[in-house]
There are 2 protein chains.
Amino acid sequence: MGMGRPREFDADIALDRAMEVFWRHGYEGATIAQLTEAMGINPPSLYACFGNKEGLLKAALDRYTKARGAWMDEVVAAPTAREVAVRMLMGIADKQTDPANPPGCLLVQGGIACGTGSENVPFELAARRAQNEDQLRERFLRAKAEGDLKETADPAALARYVSAVSVGMGVMASSGADREALRQVADVAVQAVEAQSVRD
Amino acid sequence: MGMGRPREFDADIALDRAMEVFWRHGYEGATIAQLTEAMGINPPSLYACFGNKEGLLKAALDRYTKARGAWMDEVVAAPTAREVAVRMLMGIADKQTDPANPPGCLLVQGGIACGTGSENVPFELAARRAQNEDQLRERFLRAKAEGDLKETADPAALARYVSAVSVGMGVMASSGADREALRQVADVAVQAVEAQSVRD
DNA sequence: CCAGATATGTAGTGTTCACTACAGATGTGG
DNA sequence: CCACATCTGTAGTGAACACTACATATCTGG
């Protein structure tokens, strides 16, 4: 039997375009008309490929978190907890003010609060943010085992802290903070991790 | 000439109800039907009193920031920069997990990203968050002048930092973080301010 | 070249949205 | 008690929304 007419657009490229729309307008603020126009396709193609609007968001998030996961691997590969925090927060400052993307972080801009019918979107985003936090916690646990962090340090609390600062920086970026302002925040934030580190 | 029929509802009570709806669902997620039901009035009363949906949000924000401003005055009345940070962040941890309110902060939940026609809502919220940051900056400037903060400390950066942590905590609260988790974040965050403080 | 399968473009569908026209109700000033 | 002004409830308005029916186009397997 035949395989049917092949798709005329590249799903990954289309997802990148959709990602930008969700990033800029949020899940509820993004309309199907904006999404299809940015993706260069018509609504039936979108629904055939991604199911519905929420399916499209999840596919875009998958692509976003995949790229972000690769970067997180580099972050936690840093030799010390302090250096992990520096790479993480300085990297966040740069990424969230990268003119190639909308300002801020998709995992925040996507939707913190949503209306009836989209209640699970904030949960979906929170779950993905939690993945980053998990990765940081494991790294800080190791740092404590290695004697890099003090005996009194709480790796879970440190991971939550770095994650919270990242999110806060994302919100500031989306409301106009420039790269230098975010770097200053990162610089201050690192000092809390430093305070939990064993001096050389 | 006559004064007309008097209003049958209390505008402040109605605003408190509307505030809660915006807080829980965000500006775009909140519908007029939800708002009017919560406020106990019908749409014409809403529009006669507040103009339109955005006018209602601004009125609710005015009421929110007024109460918050009184609390911020207590925060900056603390004797040292470190104690300001403690009061601020510990207070945030408690307020954002107060079961009397929706979790998180209205100035964040209200809307980080919005669709066409509501572009200025995020700006409106950002402007109100900036007021808190301004208040913190002035307080930290004083702390530096008083020799409470080190000569190398940057009051503006510290204020931005505390503000960013507050926002990040709000997002975490809205996605289910409990009070203890937020207090741990606050505890770590304070250490960065402590690192900028002159020891006794 | 034909049958089955999938994609595409046009042109809608019903629903929900913010907002309002209108008539009746309730007040004040003369 | 009357003219006027403002509020209230009912019942909508047009617009925008997510989503889709359907005819047509383009592929593969036989």
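Chain A is the first sequence line, chain B the second, and so forth, proteins listed ahead of strands; every chain is numbered from 1. Computed from a predicted structure; not experimentally measured.
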Side chain of [X] only, please: which of [options] is the nearest?
X       : options                : value
B:Thr31 : C:dA7, C:dA25, C:dC17  : C:dC17
B:Pro6  : D:dT8, D:dA18, C:dT26  : C:dT26
B:Ile32 : C:dC19, D:dA18, D:dA25 : C:dC19

* To do: With sequence neighbours left out, write down each residue that passes side-chain contact (heavy atoms from CB on, under 4.5 Å) with A:Ala143, or none if nothing qualifies.
  => A:Ala81, A:Arg139, A:Asp148, A:Leu149
Starting at [atom1] of [X] and ending at [atom2] of [N], how long is that distance when rounded to a whole Å?
X       : N      : atom1 : atom2 : answer
A:Leu35 : D:dC17 : CG    : C1'   : 12 Å
B:His25 : C:dA18 : NE2   : P     : 12 Å
A:Asn52 : D:dC17 : CG    : C1'   : 14 Å
B:Asp10 : D:dT8  : CG    : C1'   : 17 Å

* Structure fact -> Nearest-nucleotide check on DNA chain C, B:Tyr27 vs A:Leu46; residue mapping nearer the 5' end is A:Leu46
* Structure fact -> Per nearest nucleotide of DNA chain C, the residue lying toward the 5' end, A:Phe9 or B:Glu28, is A:Phe9
For residues 156-163 of chain A, tabulate all N or O donor-acceptor pairs below 3.5 Å that involve a side-chain atom, not counting sequence neighbours.
residue  : atom : partner  : partner atom : Å
A:Arg160 : NH2  : B:Gln184 : OE1          : 2.2
A:Tyr161 : OH   : A:Ala189 : O            : 2.8
A:Tyr161 : OH   : B:Tyr161 : OH           : 2.7

* 5'-most by nearest nucleotide on DNA chain D - A:Tyr47 or B:Arg7 -> B:Arg7
Would [X] and [Y] pass as an ion pair if we require N to O under 4.0 Å?
X        : Y        : result
B:Glu138 : B:Arg142 : no
B:Glu133 : B:Arg129 : no
B:Arg128 : B:Asp62  : yes

* To do: Tell me, please, whether A:Phe9 has A:Arg7 positioned over its six-membered ring: NZ or CZ under 6.0 Å from the ring centre and within 45 degrees of its axis?
  => yes
* So do the side chains of A:His25 and B:Cys114 get within less than 4.5 Å of each other, counting heavy atoms only? -> no
* **Any donor-acceptor N/O pair under 3.5 Å between D:dC7 base and B:Arg5 side chain** => yes
What N/O pairs connect the protein and nucleotides 9-13 of chain C at under 3.5 Å? Give each pair on its own line.
residue : atom : partner : partner atom : Å
C:dG9   : OP2  : A:Asn42 : ND2          : 2.7
C:dG9   : O5'  : A:Asn42 : ND2          : 3.1

